[in-house]
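Have a look at the structure below, then the notes.
Just so you know, these numbers use all the heavy atoms, side chains as well, and skip hydrogens, waters and symmetry mates.
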Amino acid sequence: MNAAVSPEQLKTLAGSERGAGDWFTIDQSRVDAFADITLDHQFIHVDRERAAQTPFGGTIAHGFLTLSLLTHLCEGVTVIPENLVMGINYGFDKVRFLAPVRVRQQVRARVSVVEVTDKGGGQLLLKQRVTVEIQGEEKPALLAEWLALYLCG
């Protein structure tokens, strides 16, 4: 469960790290399902034999699969305002895919609050920096500046 704080408290969290979520294993069945849904069947994701011959040594997750898992990976480490009516994915100011996630590796999200903007009318725009770490690797899988628009009642 994400922490719920008053809108005033939320504004004071700018510049603070919220912590890291739980580790999550990327498995081949998830990569295959994502390939089917997105129609992206590039061999480095779905062909184990050919992918084994690449510098990756096996299949890797789609960058967009890792990005699409942010909602799950950030569960429990993000913060939301009290009296939340709904949150809307507002987009990204930045997304960088820095390292491949090999199938069977574990990833987790480390979250920091960058900025909170009061848009008026009960609307708060939250910018968070999300770093997806790969267990045992120094370089992260991705770095994103993620925007959420919160509508409060």
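In this structure, Glu115 CD and Lys127 NZ are separated by 5.5 Å, a value rounded to the nearest 0.5 Å. Between the OG1 atom in Thr12 and the CG atom in Leu10 there is a gap of 7.5 Å [rounded to 0.5 Å]. Distance check, rounded to the nearest 0.5 Å: CG of Leu142 to CG of Leu98 gives 7.0 Å. Taking CZ from Arg129 and NZ from Lys94, the interatomic distance works out to 7.5 Å, rounded to the nearest 0.5 Å. If you take CD on Gln106 and CD on Glu133, they are separated by 12.5 Å, rounding to the nearest 0.5 Å. Expressed to the nearest 0.5 Å, how far CG of Leu84 lies from CG of Leu151 amounts to 7.5 Å.
In plain terms, the two heavy atoms of Val101 and Ala141 that are nearest each other are CG2-CB, 3.5 Å. Looking at every heavy atom in both residues, Trp23 comes nearest to Arg108 through CZ2-NE, 3.3 Å. When all heavy atoms are compared, the tightest approach of Pro81 to Cys152 is CG-SG, 3.5 Å.
Using modelled atom types, no side-chain atom of Asp22 and backbone atom of Phe24 make a donor-acceptor pair closer than 3.5 Å.
The aromatic rings of Trp146 and Phe92 lie parallel to each other, their planes meeting at an angle below 30°, with 60° marking the opposite boundary.
Between Ile26 and Val107, some side-chain heavy-atom pair lies under the 4.5 Å cut-off. When side chains are defined from C-beta on, Leu125 counts as touching Tyr90, because their heavy atoms get closer than 4.5 Å. Considering only heavy atoms from C-beta on, Asp118 comes within 4.5 Å of Leu124 through its side chain. The shortest distance between side-chain heavy atoms of Arg102 and Ile134 does not fall below 4.5 Å.
Taking the charged nitrogens against the carboxylate oxygens, Arg48 and Asp32 do have a contact shorter than 4.0 Å, which makes a salt bridge.
A donor-acceptor pair shorter than 3.5 Å cannot be found between the side chains of Asp27 and Thr25. Remark: the Thr59 side chain and the Gln28 side chain contain an N/O donor-acceptor pair separated by less than 3.5 Å.
With sequence neighbours left out, the ring-ring contact (aromatic ring centres under 6.0 Å, His included) criterion links His62 to Phe34, His45.
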